[in-house]
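Data first, discussion second: the structure below is written as structure tokens.
All chains are named by letter (A, B, ...) in the order of the sequence lines, taking the proteins before the strands, and each is independently numbered beginning at 1. Side-chain atoms are counted along with the backbone in the values below, which use heavy atoms only and exclude waters and symmetry mates.
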Protein chains: 2
Amino acid sequence: MSEAAIQTYTRADEAFDCLQTAIVKGDLVPGEKIGEVELCSRFNLTRGPLREALGRLESRGLLVRRPHAGVKVVSVSAEELMELYRIREIMEGLAARQAAERMTDEEIADLHATLDSHEKMIEQAQGQAYYQAEGDYDFHHRIATGSRNTKLAQMLLGDLYYMVRMYRYRLSTSSGRPHMALGEHRRIAEAIAQRDGELAEFLMKRHINAARRNIENKIQNGTLTI
Amino acid sequence: MSEAAIQTYTRADEAFDCLQTAIVKGDLVPGEKIGEVELCSRFNLTRGPLREALGRLESRGLLVRRPHAGVKVVSVSAEELMELYRIREIMEGLAARQAAERMTDEEIADLHATLDSHEKMIEQAQGQAYYQAEGDYDFHHRIATGSRNTKLAQMLLGDLYYMVRMYRYRLSTSSGRPHMALGEHRRIAEAIAQRDGELAEFLMKRHINAARRNIENKIQNGTLTI
DNA sequence: TGAGGCGGTATTGTCAACAATCCATCGACC
DNA sequence: GGTCGATGGATTGTTGACAATACCGCCTCA
């Protein structure tokens with residue numbers, strides 16, 4: 001992870017990170033009401049920084065807070081998860097197109113290197129869903145930042161990815177198609193290397209659409225319960 | 001404005017609203033460093049709620065905060081404003097498509113009524129840029145909520161629109177093409193009424209693209225300085 | 001004369017106590 | 001017996017004081 005630009009790490013930042021990962025990893029169960037004092041004791045914080053962090057989390061939609069009535073982790077339905085993927089589809093499509101136009105040659109080389117290491121990871125640790133998921137996240141992360149579109153990257157990295165990752169952990173599935181996903185990633189990277197923005201956008205949208213349909217099928221089959 | 005779901009209005013909410021409108025209206029100049037105590041005295045608040053509001057604003061990208069070094073309103077370059085419009089283009093396109101599929105007949109009737117009132121406003125108050133801008137905002141607001149896509153609406157209404165409105169105020173231009181914009185709005189509303197999602201998406205994307213190019217031209221001509 | 005280090009001051013980050021609000025339980029009344 | 005209303009307890013919202021940190025001006029030294 002990159003922690004440039006952060007000089008002093010305040011308690012509020014700490015609280016924010018702790019809570020965010022706790023929510024993403026499922027340590028904080030959705031729907032369950034959580035008291036502030038309990039959170040304080042669990043994460044060794046005082047209520048000031050904690051409340052600030054809660055405010056940020058709320059504004060990112062990871063939890064809801066009713067005045068005087070406590071805070072609870074947001075619970076998202078299957079439909080909302082599908083909506084999330086629809087948003088990802090178009091936003092990451094744009095990111096891929098702009099990345100193809102703007103990434104430096106170095107960044108593209110890094111992107112390919114990343115995919116190589118992902119391939120090794122998949123070969124070595126067959127079925128290690130966790131690492132596959134992180135690898136997938138890594139790939140999309142690079143493209144988002146490579147788009148040089150500040151707001152777009154902010155929305156993807158700050159909002160959408162956390163929600164998607166939350167459901168990855170919860171469903172404990174890295175979409176279950178690592179080889180196929182890797183191949184799709186490779187093709188996207190190639191399109192970016194050839195500076196073909198249009199193709200990169202098309203491939204990225206198809207890639208995310210496929211992931212969405214995969215989850216949708218699993219839910220309908222009953223393989224996955226949300 | 002709709003204030004349903006808010007039962008008790010906390011100081012932090014008040015602070016958030018005050019600061020947000022102050023930023024949008026340009027009362028708080030971008031780039032200028034601003035102290036917490038000064039903000040407190042200006043808005044009659046204490047530092048606790050204020051800091052909570054600042055955290056929320058920061059996470060929405062309206063201001064940046066460096067530890068121990070103060071807070072300042074974000075200043076966006078012309079390029080970043082254009083990027084903002086690129087994001088709007090795809091996101092509102094999706095919103096329009098989903099709105100066409102999901103809006104109730106009532107909502108569609110309201111949408112048409114809204115446009116009628118806009119038309120009157122334009123005829124009556126020629127060049128009243130402010131009201132035109134608010135009317136435009138109203139239209140897009142309805143479609144965002146009509147998409148029934150919670151996250152999408154949240155991102156549009158919570159993030160993008162405030163930034164766009166901020167620049168509207170600052171540039172004091174409602175895109176300068178009220179009649180044309182109204183016509184485009186009408187066509188989008190018709191497509192939605194006919195439940196033609198694909199067409200609605202296409203028209204909306206073209207609509208926003210036109211607005212973007214309009215601003216771009218003005219900036220290049222020197223008519224508009226950012 | 002310019003650069004670099006140093007301390008004072010103002011500002012921000014943090015804390016613990018106080019006040020306001022809601023939820024649940026209990027009792028009374030219909 | 002069920003429902004409505006009140007009271008106690010717990011939890012959240014708010015406040016002001018305290019501690020930590022960065023900025024700014026000054027002084028020293030090359």
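Rounded to whole Å, the distance from CG on B/L54 to C1' on C/dT12 is 11 Å. Separating the CD atom of A/E38 from the C1' atom of D/dA10 is a distance of 14 Å, rounded to the nearest angstrom. The separation between A/E52 atom CD and D/dT12 atom C1' is 17 Å, rounded to whole Å. Put simply, CG on B/D13 is 13 Å from C1' on D/dT12, counting in whole angstrom units. Straight-line distance from the CZ atom of B/F16 to the P atom of D/dG13: 16 Å, rounded to whole Å. Rounded to whole Å, the distance from CD on A/E14 to P on C/dG13 is 15 Å. If you measure from atom CD of A/E36 to atom P of C/dA16, you get 15 Å, rounded to the nearest angstrom. For A/I34 and D/dT12, the CD1 to C1' distance is 15 Å, given to the nearest whole Å.
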Show your working on side-chain contact (heavy atoms from CB on, under 4.5 Å) between A/L157 and A/H141 and close with a plain yes or no.
CA-CA 7 Å; A/L157 303 176; A/H141 187 103; 3.4 Å; yes

Please report the C-alpha distance between B/T114 and B/H185 in whole Å, then the side-chain angles of each, then the deciding distance to 0.1 Å, and finally whether the side-chain contact (heavy atoms from CB on, under 4.5 Å) criterion is met.
CA-CA 10 Å; B/T114 303; B/H185 285 180; over 6 Å; no

Evaluation steps, side-chain contact (heavy atoms from CB on, under 4.5 Å), between A/V74 and A/M166
CA-CA 11 Å; A/V74 75; A/M166 182 166 96; 4.3 Å; yes

Test B/I215 against B/M82 for side-chain contact (heavy atoms from CB on, under 4.5 Å), laying out the working first.
CA-CA 9 Å; B/I215 295 178; B/M82 293 300 101; 3.8 Å; yes

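Of all non-hydrogen atoms in B/L81 and B/V76, the two that sit nearest each other are N-CG1, 3.7 Å.
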Please write out the pairs of protein N or O atoms and N or O atoms of nucleotides 23-26 of chain C separated by less than 3.5 Å, giving the distance to one decimal.
residue : atom : partner : partner atom : Å
C/dC23  : OP1  : A/R66   : NH2          : 2.9

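OP1 or OP2 of D/dG13 sits under 4.0 Å from a side-chain N or O of A/R51. For B/R11 and D/dT15, the shortest distance from a side-chain N or O to OP1 or OP2 is below 4.0 Å.
The pair A/D116-A/K120 does not count as a salt bridge, with every side-chain nitrogen at least 4.0 angstrom from each carboxylate oxygen.
At a threshold of 4.0 angstrom between heavy atoms, the contacts of A/G48 with the nucleic acid are absent.
The side chain to side chain contact (heavy atoms under 4.5 Å, CB included) with B/V73 is formed by just one residue from the set B/L19, B/I23, B/I34; it is B/I23.
For the pair A/A12 and A/R47, nearest-nucleotide mapping onto DNA chain C gives the more 5' position to A/A12.
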